[in-house]
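What follows is a single structure, written as structure tokens, with notes after it.
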Amino acid sequence: ASPYAASKGAVEAVTKVLAAELAQLRAQEWAEGKGRAREVLDAESQLLKARQERAQLALDYVMALSQLLRLSGQSESLPEYLAQADIRLK
């Protein structure tokens with residue numbers, strides 16, 4: 001993988017973690033009567049966006065890998081490559 005792709009993946013992973021932490025913090029503030037519903041909804045929206053972006057990146061990766069393997073006559077290797085990839089979504 002290129003350094004750019006690795007960096008972009010790292011940024012996306014950090015963004016998802018931070019969005020999850022923010023959503024949890026806003027929900028806790030709401031539960032304690034310190035936060036506003038709008039802040040909770042905004043944080044949850046950011047988390048959903050981060051998850052959607054990760055899913056899109058995973059799809060883009062699988063599609064590019066599939067095309068590369070097909071063009072190089074190695075389509076049968078796709079399951080092996082996917083088993084090694086870090087594209088599991090939660």
Side-chain angles (χ1 to χ4, degrees):
S2 72
Y4 172 75
S7 296
K8 186 174 181 181
V11 168
E12 293 297 330
V14 169
T15 300
K16 183 180 174 189
V17 168
L18 292 175
E21 288 181 12
L22 179 60
Q24 184 179 11
L25 177 63
R26 295 296 187 213
Q28 182 179 353
E29 288 174 350
W30 172 256
E32 294 173 357
K34 298 178 185 175
R36 293 182 277 178
R38 175 66 186 212
E39 292 171 337
V40 174
L41 294 175
D42 286 346
E44 289 176 353
S45 176
Q46 289 174 358
L47 177 57
L48 179 59
K49 182 179 178 191
R51 286 180 177 159
Q52 289 172 331
E53 288 173 358
R54 179 165 168 81
Q56 185 62 53
L57 286 172
L59 175 62
D60 292 347
Y61 169 81
V62 170
M63 297 302 292
L65 178 61
S66 175
Q67 183 176 15
L68 175 66
L69 292 173
R70 182 179 55 80
L71 292 173
S72 64
Q74 302 177 51
S75 294
E76 69 281 353
S77 299
L78 182 61
E80 182 181 330
Y81 280 97
L82 292 179
Q84 296 174 23
D86 180 22
I87 57 169
R88 286 141 190 86
L89 303 175
K90 295 179 182 180

### Query
How many angstroms lie between atom CG of Leu47 and atom CD of Gln52, to the nearest 0.5 angstrom?
10.0 Å
#### Entry: Co-membership, hydrophobic cluster, residues Leu69 and Leu82, 4.5 Å side-chain
yes
### Task
Could you walk me through whether Gln46 and Asp42 pass side chain to side chain donor-acceptor pair (under 3.5 Å), step by step?
CA-CA 6 Å; Gln46 289 174 358; Asp42 286 346; over 6 Å; no
### Query
Distance from Gln67 atom CD to Arg70 atom CZ, nearest 0.5 Å?
5.5 Å
### Task
Locate the shortest heavy-atom distance separating Ala23 from Ala43; write the atom from each residue and the value.
CA-CB, 3.5 Å
### Message
Apply the hydrophobic cluster definition, ILVMFWY joined by side-chain contacts under 4.5 Å directly or through others, and give me every member besides Leu25.
### Response
none
### Summary
d(Gln56 CD, Met63 CE) to nearest 0.5 Å is 10.0 Å
#### Entry: salt bridge (charged side-chain N to carboxylate O under 4.0 Å, His left out) partners for Arg36, two or more places apart
Glu39
### Task
Tell me, yes or no, whether the heavy-atom count around Glu53 atom CD, taken from other residues, nucleotides or ligands under 6.0 Å, exceeds 12.
yes
